[in-house]
Student: 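The structure follows.
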Amino acid sequence: MTQEPLTRVFVYGTLMPGERNAHVAAQGGAFEARPARLPGFRLLHLLPEAYPAVVPGGAEDRVCGYALTYAPGDWQAALPFLDALEGVDEVPPLYTRERVTVTLAGGERQAAWVYVYANAPRLARPGVVPIPDGDWRGAPDRARPRLEDR
């Protein structure tokens, strides 16, 4: 029995519908966006970068966002754009893409990819703001500092 490829990604910041990089998520094709939560992770807001970082957390932590589900062909087209925005192939990587389980609105649990922040030295410097409720839309100073920034 062949397992279907995982074509769902959990987004929690600039890639969410209505946010400044939502167009990047749409570059590969159509997807279904459903509100979701990612348990066991913490959300941080980075300044002056003005973008979020998700890192492993405790059982009480969770991050709010959306599960974007693509058709298999659209996923293959979208993945390079998503990975490029998140710096997966940079050396060292800015984020890593990891397989997780998200909880959709209504309680259904599904597998998804998520981009986890990988630049640990940056987290030791000033400008790391915890977002206790896990919803980046309430973070302070979310405006992009420069047009060419993520």
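Positions are given from 1, in the same order as the sequence printed here.
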Student: Does any pair with a residue in residues 52-63 pass side-chain hydrogen bond (donor to acceptor under 3.5 Å, both in side chains), and if so which ones, sequence neighbours excluded?
Tutor: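 The answer is none; no pair qualifies.
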Student: Which residues satisfy the side chain to side chain contact (heavy atoms under 4.5 Å, CB included) test with Gln76, sequence neighbours excluded?
Tutor: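 Gln76 satisfies side chain to side chain contact (heavy atoms under 4.5 Å, CB included) with no other residue.
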Student: Specify the closest pair of heavy atoms between Ala77 and Pro80, including all atoms of both residues, with the distance to one decimal.
Tutor: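 So the minimum-distance heavy-atom pair works out to O-CD, 3.4 Å.
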Student: Suppose the criterion is side-chain hydrogen bond (donor to acceptor under 3.5 Å, both in side chains): which pairs have a residue in residues 109-125, not counting sequence neighbours?
Tutor: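 Qualifying pairs, neighbours excluded: Arg8-Gln110, Glu49-Arg122, Asp83-Tyr115, Glu108-Gln110.
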Student: Which heavy atom in Leu47 sits nearest to a heavy atom in Pro140, and how many Å separate them?
Tutor: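 Closest approach of Leu47 to Pro140: CD2-O, 4.3 Å.
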Student: Taking Arg97 for the side chain and Glu86 for the main chain, is one N or O donor matched with an acceptor at less than 3.5 Å?
Tutor: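 Checking the backbone N and O of Glu86 against the side chain of Arg97, no donor-acceptor pair under 3.5 Å is found.
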Student: Any idea which heavy atoms bring Leu44 and Ile131 closest together, and the distance?
Tutor: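 The pair with the smallest heavy-atom distance is C-CG1, 4.4 Å.
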Student: How long is the straight-line distance from OG1 of Thr101 back to CZ of Phe10, given to the nearest 0.5 Å?
Tutor: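 Going from the CZ atom of Phe10 to the OG1 atom of Thr101 covers 12.0 Å.
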Student: Which residues pass the side chain to side chain contact (heavy atoms under 4.5 Å, CB included) test with Ala33, not counting sequence neighbours?
Tutor: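 Ala33: side chain to side chain contact (heavy atoms under 4.5 Å, CB included) contacts with Pro17, Phe31, Tyr66, Leu68.
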Student: Please report the interatomic distance CG(Leu6) to OG1(Thr69), rounded to the nearest 0.5 Å.
Tutor: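 Answer for the CG-OG1 pair, Leu6 versus Thr69, is 8.5 Å.
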Student: Between Asp133 and Cys64, what is the shortest heavy-atom contact and its length?
Tutor: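 Scanning both residues completely, I find the closest heavy atoms to be O-SG, 3.8 Å.
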Student: Is there a side-chain contact between Trp75 and Val9, using heavy atoms and a 4.5 Å cut-off?
Tutor: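 With C-beta onward as the side chain, the pair touches.
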Student: Between Tyr51 and Arg20, is the side chain to side chain contact (heavy atoms under 4.5 Å, CB included) condition met? List the steps.
Tutor: CA-CA 10 Å; Tyr51 57 73; Arg20 68 177 181 245; 3.9 Å; yes
Student: Quick one: does Thr7's side chain have a donor or acceptor within less than 3.5 Å of a partner on Pro72's backbone?
Tutor: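 Not confirmed, Thr7 side chain does not pair with Pro72 backbone.
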Student: Look up atom OH in Tyr12 and atom CG in Leu43, then write down how far apart they are to the nearest 0.5 Å.
Tutor: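 Taking OH in Tyr12 and CG in Leu43, the distance rounds to 7.5 Å.
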Student: Just to verify, what does Asp135 make a salt bridge (Lys or Arg N to Asp or Glu O under 4.0 Å) with, not counting sequence neighbours?
Tutor: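 Salt bridge (Lys or Arg N to Asp or Glu O under 4.0 Å) check on Asp135 returns Arg137.
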Student: Taking all non-hydrogen atoms of both residues into account, name the closest pair between Gly13 and Pro52 and its distance.
Tutor: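 Scanning both residues, the minimum pair turns out to be CA-CG, 3.6 Å.
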Student: Strictly by side-chain hydrogen bond (donor to acceptor under 3.5 Å, both in side chains), give each pair with a member in residues 31-46 just once, sequence neighbours left out.
Tutor: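 Applying side-chain hydrogen bond (donor to acceptor under 3.5 Å, both in side chains) to every pair that reaches into residues 31-46, excluding sequence neighbours, yields His45-Trp136.
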Student: Which atoms form the tightest heavy-atom contact between Phe41 and Val63, and what is the distance?
Tutor: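 Looks like O-CG2, 3.5 Å.
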Student: Side chain to side chain contact (heavy atoms under 4.5 Å, CB included) for Leu46 and Val128? Distances and angles first, verdict last.
Tutor: CA-CA 5 Å; Leu46 304 179; Val128 178; 3.9 Å; yes
Student: Assess whether side chain to side chain contact (heavy atoms under 4.5 Å, CB included) is satisfied between Leu82 and Tyr70, documenting all intermediate values.
Tutor: CA-CA 12 Å; Leu82 297 169; Tyr70 293 83; 4.2 Å; yes
